[in-house]
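Some notes on the structure that comes next.
One-based numbering, in listed order, for ligands and for the atoms of each.
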Amino acid sequence: MSRWISLFRKNQVVSLSSAIHHQKPSQASPPPIRVSITESAGRGVFATRRIGAGQLIHTAKPLLTHPSFSTLNTVCYFCLRNITPNNTSHHLLFCSEDCKHNSKVFYDVESRADWSTFHDYCRSQGLKYPLLAKRLACMIISGAASADFVDILQPASLSNEMISQMEEGFGLLRNAFIKADIMDEQMKFLSKQWYASVLSRIRINAFRIELAGGSYEDLLSMAAASIEAEIAVGNAVYMLPSFYNHDCDPNVHIVWIENADARLKALRDVEEGEELRICYIDVSMSRDARQTVLSQGFGFQCNCSRCLSGE
Ligand SMILES: C[S@@+](CC[C@H](N)C(=O)[O-])C[C@H]1O[C@@H](n2cnc3c(N)ncnc32)[C@H](O)[C@@H]1O
């Protein structure tokens, strides 16, 4: 969701360059945040104490990840870490034995089926989120996740037209499992309603992962590297980061260094009780463009102070 361009806005550069000295979270205590209801944006994340600019507020492991089609052979199929491609093999890659082991929760089921038709469909339609739904379905079939795994996340409201557009993807997903002889009992959850409900949640909660690389310890050099290279390796869904609302002048940034493990950092000093917000979009766009993207992509009218002031 978020992008780096926002970091170059003039009024943020000073706080960012002073931000890099406060990177370590408190080891012993829980993160200084709570999830509560906001006045106008559903649930949100609030600071439970003062947080200094640049402080690492918390990290988050993804619930679901999937590489982009363009990075399928160059990033870890589990954690999205960049891997030097092996010219002799076009097989899916894992960056470590740990990732290979951890991926069993979906890969043992996934590798039994032929995904070519489902993938061709996604590729031709430019769809990335059904890949995350496929991974979740594999986790549920393997018994590693329950059918309501992502139900706690806010769903997008879908029009009837959007739901009917999902039918083809649903049919192809289901067929791939049927052809792989997955037992009816294990696929009981896999209804059109389940598929639409999962995609509606992924749609507004998935993050587009851009890795900044292991050598960028400070936010400014990460921002510069990310803008230069446009490094989008895939998509991922998280639990806690999904509760952060959007602001066009955010006080928190989500960053990925070398894999899909997220780090949430304060962009400026935050007072106890203040809501913590990230940006979902490129906030260097004009107000009208931001409003259009947020309304079409996330279904809300942004009324942050920047939008209200017309900036
Ligand atoms: C990723 S979720 C954020 C958490 C969400 N508020 C919840 O209760 O789970 C994104 C959704 O939160 C709401 N939201 C986020 N930022 C908002 C904002 N600035 N103004 C109004 N609604 C917002 C919208 O409904 C949006 O689709």
Apply the test side-chain contact (heavy atoms from CB on, under 4.5 Å) to residues Q296 and T292: give CA-CA distance (whole Å), side-chain angles for both, the deciding distance (0.1 Å), then the verdict. CA-CA 6 Å; Q296 290 177 354; T292 303; 3.7 Å; yes
Could you tell me whether a side-chain N or O of R201 sits under 3.5 Å from a main-chain N or O of D151, the two making a donor and an acceptor? yes
Would you say [X] has any N or O atom under 3.5 Å from an N or O of ligand 1, going by distance alone?
| X | answer |
| --- | --- |
| N205 | no |
| G44 | no |
| S242 | no |

Just checking, any donor-acceptor pair under 3.5 angstrom between side chains of [X] and [Y]?
| X | Y | result |
| --- | --- | --- |
| N245 | E275 | yes |
| K134 | H119 | yes |
| D288 | S286 | no |
| S96 | D98 | no |

Check whether any heavy atom of D247 sits under 4.0 Å from an atom of ligand 1. no
Heavy atom of G299 under 4.0 Å from ligand 1? no
Distance filter under 4.0 Å to [X] heavy atoms, resulting ligand 1 atoms:
| X | answer |
| --- | --- |
| R277 | 18 (C), 19 (N) |
| I204 | 1 (C), 27 (O) |
| Y244 | 3 (C) |

Is the NZ or CZ atom of R123 both under 6.0 Å from the centre of the six-membered ring of F69 and within 45° of that ring's axis? yes
Criterion ring pair (Phe, Tyr, Trp, His ring centres under 6.0 Å) against H66, the qualifying member of F207, F106, Y77: Y77
At a non-hydrogen distance cut-off of under 4.0 Å, which region of Y280 contacts ligand 1 (side chain, backbone, both, or neither)? side chain
Does only the side chain of A41 get under 4.0 Å from ligand 1, or the backbone, or both, or neither? Count heavy atoms. both
Among T38, N245, I37, which one has a heavy atom closest to atom 14 (N) of ligand 1? N245
